[in-house]
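Working notes for the structure below.
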Amino acid sequence: YDYYVTTSIQGKEKLMKKSLNKDNIINIGFYSGLIFKAVNALIEVSGGFIMIVLNHEWLNRLIKLIALPELIEDPRDMIMNYFITMGQNFSISTQHSVAIYMLLHGTTKLVVIWLLLTKKLWAYPFAVVVFALFIVYEMYSYIHSLSVIMLIMVIIDIAIVVMIILEYKHLKISKIK
């Protein structure tokens, strides 16, 4: 299989044809995973900031403002019902704990992603350790909550770790050549 990449050399754009081989698939998976995790991290940081800034009553209003239109269309929407229930059961201390977790988790992911984009070899094992720690926490949380969201996060993070390891091996081999 072939795919096309647009490159810019000295201001001139050129369309290059590349073969879809194992290395390119790993590269595409690695960068796609980083983009996904970066977007997720930005949402987490934004959400954590909102949870710190808004008081408990305003947070519940925001959740209802977002969830109610969806629930009018589908009253059995599991995700929106989950958010409504979660917002009603949050105490102020829980809200602040979750906000701090989201800020730290999101910021840590952004730093790790930035380190990976610098292509420093030491950043790859570091990233694997960081994401492995996230996976351990997510599995612990899943076992205690049986939250489908946590299970999905575990699966995604395992896939990201695999892509980091494959990209690390690829990068080491290409630096040796």
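Not measured: the values here are computed from a predicted model.
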Kindly work out whether a path of hydrophobic side-chain contacts (I/L/V/M/F/W/Y, heavy atoms less than 4.5 Å apart) joins [X] to [Y].
{"X": "Val39", "Y": "Ile28", "answer": "no"}
{"X": "Ile143", "Y": "Ile152", "answer": "no"}
{"X": "Ile43", "Y": "Val45", "answer": "no"}
{"X": "Ile158", "Y": "Phe36", "answer": "yes"}

| Can you list every pair that meets ring-ring contact (aromatic ring centres under 6.0 Å, His included) and has a residue in residues 145-169, with sequence neighbours left out? | Tyr124-Tyr168
| task | Keeping to residues at least two apart or across chains, list the salt bridge (charged side-chain N to carboxylate O under 4.0 Å, His left out) pairs with something in residues 141-156. | result | none
| message | Please list all pairs meeting salt bridge (charged side-chain N to carboxylate O under 4.0 Å, His left out) that have one or both residues in residues 142-163, counting only residues at least two apart or in different chains. | response |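 For residues 142-163: Lys37-Asp157.
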Pairs of donor and acceptor atoms involving the side chains of residues 98-117, under 3.5 Å and at least two apart or interchain, shall be tabulated with distances.
residue: His105; atom: ND1; partner: Glu44; partner atom: OE1; Å: 2.9
residue: His105; atom: ND1; partner: Glu44; partner atom: OE2; Å: 2.7
residue: Thr107; atom: OG1; partner: Leu103; partner atom: O; Å: 2.6
residue: Thr108; atom: OG1; partner: Leu104; partner atom: O; Å: 2.6
residue: Lys109; atom: NZ; partner: Asn40; partner atom: OD1; Å: 2.2
residue: Lys109; atom: NZ; partner: Glu44; partner atom: OE1; Å: 2.5

| Is the count of non-hydrogen atoms from other residues, nucleotides or ligands lying under 6.0 Å from Met150 atom CE greater than 12? |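 Yes, the 6.0 Å shell around CE holds more than 12 heavy atoms from other groups.
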Using 0.5 Å steps for rounding, measure from the [atom1] atom of [X] to the [atom2] atom of [Y].
{"X": "Ile160", "Y": "Phe134", "atom1": "CD1", "atom2": "CZ", "answer": "12.0 Å"}
{"X": "Ser32", "Y": "Asn27", "atom1": "OG", "atom2": "CG", "answer": "9.0 Å"}
{"X": "Met139", "Y": "Ile135", "atom1": "CE", "atom2": "CD1", "answer": "8.5 Å"}

Report, one line per pair, each donor and acceptor closer than 3.5 Å where one atom sits in a side chain of residues 58-74; sequence neighbours left out.
residue: Asn60; atom: ND2; partner: Gly87; partner atom: O; Å: 3.4
residue: Arg61; atom: NH2; partner: Glu57; partner atom: OE2; Å: 2.6
residue: Asp74; atom: OD1; partner: Arg76; partner atom: N; Å: 3.1

| query | Can you tell me if Gln95 uses its side chain to pair, donor with acceptor, with the backbone of Met51 under 3.5 Å? | reply |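 Yes, because the side chain of Gln95 sits within donor-acceptor range (under 3.5 Å) of the backbone of Met51.
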| Which ILVMFWY residues are connected to Leu133, directly or by a chain of links, through side-chain heavy atoms under 4.5 Å apart? | Val129
| By side-chain hydrogen bond (donor to acceptor under 3.5 Å, both in side chains), which residues pair with Ser93, not counting sequence neighbours? |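 So Ser93 forms a side-chain hydrogen bond (donor to acceptor under 3.5 Å, both in side chains) with Ser91.
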| said: Going by the rule side-chain hydrogen bond (donor to acceptor under 3.5 Å, both in side chains), which residues pair with Lys119 if we only count those two or more places apart in sequence or in a different chain? | reply: Tyr31
| message | Taking side chain to side chain donor-acceptor pair (under 3.5 Å) as the cut-off, I'd like each qualifying pair that reaches into residues 129-151, sequence neighbours left out, listed once. | response | none
| query | Which residues pass the side-chain contact (heavy atoms from CB on, under 4.5 Å) test with His170, sequence neighbours left out? | reply |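 Here the qualifying residues are Asp23, Glu167.
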